[in-house]
There are 2 protein chains.
Amino acid sequence: MSSHLTERADVTAFRRFSRYFTARTGVLSDRYLGLARPLGQARLLFELGEATGLGELRRRLEIDAGQLSRMLAALQAQRLVRLSRDPADRRRRVVELTARGRRERAEQQRRADEVAERLLSALPPEQRAELTGALTKAERLLRLAVIELRPLDPASAEARYCLTAYATELAARFPEGFEVSDLLTADQLSAGRGRFLAAFEEERPVGCGAVRTLQPGVAELRHLWVAAQARGAGLGRRLLRALEAEAAELGHHTVRLGTHEVLGEAIGLYRRCGYREIPRYSADPHNHLWFERPLTGPGPSPDPAVYRPAHGPATG
Amino acid sequence: MSSHLTERADVTAFRRFSRYFTARTGVLSDRYLGLARPLGQARLLFELGEATGLGELRRRLEIDAGQLSRMLAALQAQRLVRLSRDPADRRRRVVELTARGRRERAEQQRRADEVAERLLSALPPEQRAELTGALTKAERLLRLAVIELRPLDPASAEARYCLTAYATELAARFPEGFEVSDLLTADQLSAGRGRFLAAFEEERPVGCGAVRTLQPGVAELRHLWVAAQARGAGLGRRLLRALEAEAAELGHHTVRLGTHEVLGEAIGLYRRCGYREIPRYSADPHNHLWFERPLTGPGPSPDPAVYRPAHGPATG
DNA sequence: GCAGTTCCTTGACTTTCGTCAAGTAATTTT
DNA sequence: AAAATTACTTGACGAAAGTCAAGGAACTGC
């Protein structure tokens, strides 16, 4: 089927790019920039920003504890970092760049910039701008791709965190205000009656959404929220599509939703994603517009039933 | 000045992307995919396609002769490659993957595909297509950026190669035919009277173009050629901008050119790049349209005088 | 307050990577 | 045909990277 072929082509394009990019720039940036330092130490120096706990560093760089310990000792001997104990837990140690370390790091960055600049300087301004645009867009979408969508127990602490953030925001934006009591209860979403999805960026919740059965065949989408710091990446759309897929999996053929007139971005999103305005179908006092989208009919995007959201970690 | 700021922003965007991309996927693809093999051997296995001479391999991977020798011995012991002597010069040796080696390589590729697919599968089809589009565009532009533009002696073998390829193509496309004798002579382009630029992709000529003085302040652009295998990347535009910069450097304020009515792509390029059609200014029998562009006036692109083409190797 | 954990350091390796120099066989130059 | 050069292998070694286990100090849970 055609969507499978499309997927193959995407994978191929991604891999081609990845190979080309690492071959072209990866080599340079690694070897070159480390000054006279072994790669491991250079990488460490580069990764060090604010004062960091060794544990976090170890997790980030996936490095053996012993190795890290020795590398830091070497950097300390060169007076590039300062090690101290964490006052809160004196087993823990904290690394920090010294002034000299910061200078070295700046020099590293400068060299990396230089390599990038030499590459870019070959292009006339218009094409350079095109490249920058493409890379920025690609980065935004990659960032979006690594955000994990997971179904969550609506009674869980994480779900509550998302819903509270959502309610707080609505309270600020709706002229009439908004109360946590206006939300669906966990009970109304639990097994059989609906689903709750949350989006995690590096294990921190940055979005959510719920579907629940409205009548046989028809689901209602509610509480679509994207945290302020995660906006502009397309997460709203991704959540929307994933919620539609959940609805389809629950056996529905149509999704409806109601929204508030002040939520301009959301209204735009629904319109762009194939939703059509329909007459009022609910009595929710916070709703002024109602939308609907068929899950199987023709729309501006491929059949969402084909898109299977990953349940569980994406990189596990 | 504003163009400098733009450039900084481009460098920053490039570096941001580079960092993010290598952190996100580079690590995975290196570590993971090599199965249980050391990185060097995995890389070697990956790089081996057709039967390859060791010398070429050494040059490509920038690896010490001794190291390569030992790595290949290790791979041979695992029956992944076959070593034989080059019949033409029996000092030379040639590596080739065995059937088993090819299987291993395919497995490596499959894993890489899997990683890519897992990442991409998080995105709904529309956003996946957007990402693929952005990456494809970025790759095209990166490829374009590493094509080197060099001024060449128009009498050199490489220049002659380009011009012959250009003439051959015109001969096939023009109904009236085209002769090498219709080209400018090296003499007409040599020092003081004009400049000849050639584009090299990995040291192979893939395009060219010339400017020469038509009258004080006015340059003529001629013989703009892009090899068939390098088309679609934007090289025509890059050459055009570089030739304009050369003209500006020679002290001209205007560039003119004439072209043949069958050269649709070229005509489109000139139009997109700020050229306006003007009345006939030359008697060249192969020309049907004439164009002109001021080098200092306002145009759809920033002042080309700001863009300094790199003379000499870009990664030197 | 004591056993069990956690966080980190140290010691004792092995493997891999990278470099130099000596050596051998084939080829080219003189 | 001898000398020089080229293409590769082999030996020797040092530095870096990676692994495992033992141990000490600080914290946690009962």
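These numbers were taken from a predicted model, which means no experiment stands behind them. We name chains A, B, ... by the order of the sequence lines, and we start the count at 1 in each one. FYI, side chains are in, hydrogens and waters are out, and symmetry mates aren't considered; it's all heavy atoms of this structure.
Taking atom CZ of A/R59 as the reference point, atom P of C/dT6 lies 13 Å away to the nearest angstrom. Computed from coordinates, the A/M71 CE to D/dG18 C1' distance equals 9 Å when rounded to whole Å. Rounded to a whole Å, the CG atom of A/L61 is 11 Å from the P atom of D/dG18. In this entry the distance linking CD1 of B/I63 with C1' of D/dA7 reads 16 Å, nearest Å. The distance between atom CD of B/Q41 and atom P of C/dT16, rounded to the nearest whole Å, is 7 Å. Rounding to whole angstrom units, CG of residue B/L83 and C1' of D/dA7 are separated by 13 Å. Distance B/L72 CG to C/dC17 P: 13 Å, rounded to the nearest Å. In this structure, B/R37 places its CZ atom 23 Å from P of D/dA17, rounding to the nearest Å.
Taking the six-membered ring where the residue is Trp, A/H223 and A/Y166 present tilted rings, their angle falling between 30° and 60°. Ring orientation note: the planes of A/Y161 and A/W225 are nearly perpendicular, at an angle over 60° on the 30°/60° scale.
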Counting primed atoms plus P, OP1 and OP2 as sugar-phosphate and everything else as base, spell out the protein contacts along nucleotides 19-30 of chain D at 4.0 Å heavy-atom distance: B, S or - for each nucleotide, 5' to 3'. BB-----BS---

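Put simply, the side chain of B/R15 reaches to within 4.5 Å of the side chain of B/V11, judged on heavy atoms.
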Could you tabulate the donor-acceptor pairs under 3.5 Å formed by side-chain atoms of residues 67-81 of chain A, not counting sequence neighbours?
residue : atom : partner : partner atom : Å
A/Q78   : OE1  : A/R37   : NH1          : 2.6
A/Q78   : NE2  : A/Q41   : OE1          : 3.2
A/Q78   : NE2  : A/A74   : O            : 3.2

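For A/R100 and A/E104, the salt-bridge test fails: no basic side-chain N is under 4.0 Å from an acidic carboxylate O. Salt-bridge formation is not detected for the pair B/E47/B/R43: no Lys NZ or Arg NE/NH1/NH2 atom is positioned less than 4.0 Å from an Asp or Glu carboxylate oxygen.
For C/dT9, one of the phosphate oxygens OP1 or OP2 lies less than 4.0 angstrom from a side-chain nitrogen or oxygen of A/R93.
Nearest nucleotide to the side chain of A/L54, out of C/dC8, D/dT10, C/dC17: C/dC8.
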